[in-house]
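Here the structure is laid out as structure tokens; the discussion comes afterwards.
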Amino acid sequence: MDLGIRGKKGLVCAASKGLGRGCAEALAEAGVDLVINARGSEVLEDTARQLSGRYGVNVTPIAADITTSSGRAAVLEALEGQADILVTNAGGPPPGNWTDWNRDDFIRAIDSNMLSAIALMQALVPGMMERGWGRVVNITSQSVKSPVSILGLSNTARAGLTGFVAGMSRQVAGSGVVVNNLLPGIHATDRAYALDKGVAQAEGIEITAARRKREATIPTHSYGLPEDFGATCAFLCSQHARFIIGQNILLDGGASNSTM
Ligand code: NAP
């Protein structure tokens, strides 16, 4: 299927590895010129080289912490203040127990997983509206629909972003801007391995046993792949997604047990 976005310009945040990289790869394959971001420059630059070499698009790597205002200023400067496609993403907050976290922990999580995405939308969506076309995908989590108890900071911050998008997406849809959230369940990335390790330590079992235990909770009996996730993201950024507004699309192998 031709996604109809060849020659568009996009920003994919937190994209040197994992789900962000999956999204960047699928957009590059669809012919989108990209600015990609992560904090560490080495893997990021390598990713940029691989994507531009493989797909013949321009990929500009900007090493910066996207949860800081200076980091966002650096990526916005590389975009000359404008993009047709925005994929927001950042690392997830650490696990813990609900009694563990203080105000600073909550502010850090809200800054990372709610306010940085909102700030990027506020910076880039007005230009999309003026030009009459835009696509935004926010990478959130299955925890928005089905809470993961040990990820209380994530549950909290992402619920805030979800509420913001629910209203804002309907305000901008009339100007040709499509905003949606993608909700990953467990995908085979460094983040998932770190959580496997946490389970292994907590339960005194091997990491492979912890992974098998977590895989058994998913109807597919396997983790999702960044490639699957990226392809869905690229579709939501395509011409064909114009009627999908303010949705929370779950990619979890059926793990969240609900009828709708
Ligand atoms: P990952 O494999 O650990 O990759 C994270 C990527 O983000 C790396 O490229 C990392 O590079 C970059 N990054 C992290 N913090 C950043 C920051 N502050 N500024 C800029 N770049 C940053 O993680 P993932 O599995 O792709 O997860 C992506 C998001 O989805 C996270 O918020 C995670 O909580 C959420 N999620 C993941 C899963 C899953 O199973 N994988 C499930 C539910 C939700 P640097 O370290 O070099 O910055």
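We're numbering straight along the sequence, starting at 1. Just so you know, ligand 1 is whichever comes first in the structure, and atom 1 is the first atom listed for that ligand.
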Which ligand 1 atoms does Ser141 reach within 4.0 Å, using its non-hydrogen atoms? 43 (C), 44 (C)
Could you tabulate the donor-acceptor pairs under 3.5 Å formed by side-chain atoms of residues 162-170, not counting sequence neighbours?
from: Thr162; atom 1: OG1; to: Arg158; atom 2: O; distance (Å): 2.7
from: Ser169; atom 1: OG; to: Val165; atom 2: O; distance (Å): 2.7
from: Ser169; atom 1: OG; to: Ala166; atom 2: O; distance (Å): 3.4
from: Arg170; atom 1: NH1; to: Ala166; atom 2: O; distance (Å): 2.9

Against heavy atoms of Asn37, which atoms of ligand 1 measure under 4.0 Å? 20 (C), 21 (N)
Could you tell me which atoms of ligand 1, counted from 1 in the order shown, lie closer than 4.0 angstrom to a heavy atom of Thr67? 18 (N)
Which protein non-hydrogen atom lies closest to atom 29 (C) of ligand 1, naming both residue and atom, and how far is it? Asn89 OD1, 3.2 Å
Out of Arg214, Gln142, Arg158, who gets a non-hydrogen atom closest to atom 33 (C) of ligand 1? Arg158
Glu25 and Gln50: CA distance, side-chain angles, deciding distance, side chain to side chain contact (heavy atoms under 4.5 Å, CB included) verdict: CA-CA 9 Å; Glu25 177 123 19; Gln50 286 184 31; 5.9 Å; no
Nearest-neighbour protein heavy atom for atom 18 (N) of ligand 1, which is reported as residue plus atom name and distance: Asp65 OD1, 2.8 Å
My understanding is that we take every heavy atom of each candidate and find the minimum distance to atom 6 (C) of ligand 1. Doing that for Pro93, Ala14, Ser116, Ala24, which one comes out nearest? Ala14
Please identify which of these residues, Ile66, Val136, Val87, meets the side-chain contact (heavy atoms from CB on, under 4.5 Å) condition with Leu120. Ile66
When distances are taken from atom 43 (C) of ligand 1, the protein heavy atom at minimum range is Pro184 O, 3.2 Å
Which ligand 1 atoms does Asp190 reach within 4.0 Å, using its non-hydrogen atoms? 2 (O), 3 (O)
Closest by any non-hydrogen atom to atom 8 (C) of ligand 1: pick that one out of Ser112, Ala38, Ser16, Gly18. Ser16
Please write down residue, atom name and distance for the protein heavy atom closest to atom 39 (C) of ligand 1. His187 N, 3.6 Å
For Gly91 and ligand 1, does the shortest N/O to N/O distance drop below 3.5 Å? yes
Just which atoms of ligand 1 are under 4.0 Å from any heavy atom in Ile186? 40 (O)
Before you tell me yes or no, could you show the steps for Ser154 and Val148 under side chain to side chain contact (heavy atoms under 4.5 Å, CB included), namely the whole-Å CA-CA distance, both residues' side-chain angles and the distance that decides it to 0.1 Å? CA-CA 9 Å; Ser154 169; Val148 181; over 6 Å; no
In this structure, does ligand 1 have an atom that sits under 4.0 Å from one of the heavy atoms of Ala64? yes
Counting only heavy atoms, which portion of Thr140 has something under 4.0 Å from ligand 1: side chain, backbone, both, or neither? backbone
Within less than 4.0 angstrom of ligand 1, does Leu183 place any heavy atom? no
One should read off an interatomic distance between Leu51 CG and Asp33 CG, to the nearest 0.5 angstrom, of 12.0 Å
Please state whether the rings of Phe229 and His187 are parallel, tilted or perpendicular, taking 30° and 60° as the class boundaries. perpendicular
Identify the closest protein heavy atom to atom 37 (C) of ligand 1: which residue and atom is it, and at what distance? Leu19 CD1, 3.9 Å
Tell me if the CZ atom of Arg242 is crowded by more than 12 foreign heavy atoms within 6.0 Å. no
Could you check whether any side-chain heavy atom of Arg211 comes within less than 4.5 Å of a side-chain heavy atom of Thr208, counting everything from C-beta outward? no
Do Thr88 and Asn138 have side-chain atoms, one donor and one acceptor, less than 3.5 Å apart? yes
Qualifying residue for side-chain contact (heavy atoms from CB on, under 4.5 Å) with Ile36, from Thr47, Leu27, Leu11, Ile62: Thr47
Are Asp111 and Arg108 ion-paired here, with the side-chain N under 4.0 Å from a carboxylate O? no
Can you figure out which of Gly40, Ala90, Gly224, Ala15 has its heavy atom closest to atom 31 (C) of ligand 1? Ala90
On a heavy-atom basis, I'd like to know which of Arg21, Glu42, Arg191, Arg39 is closest to atom 45 (P) of ligand 1. Arg39
For atom 19 (N) of ligand 1, which of Asp196, Asp252, Ile66 has the closest heavy atom? Ile66
Heavy atoms of Lys145 and Asn248 approach each other most closely as NZ-O, 3.4 Å
Reference residue Val12; test side-chain contact (heavy atoms from CB on, under 4.5 Å); the match among Val32, Leu86, Leu34: Leu34
Nearest protein heavy-atom contact for atom 25 (O) of ligand 1: which residue, which atom, what distance? Thr189 OG1, 2.4 Å
Does at least one non-hydrogen atom of Gly185 fall below 4.0 angstrom from an atom of ligand 1? yes
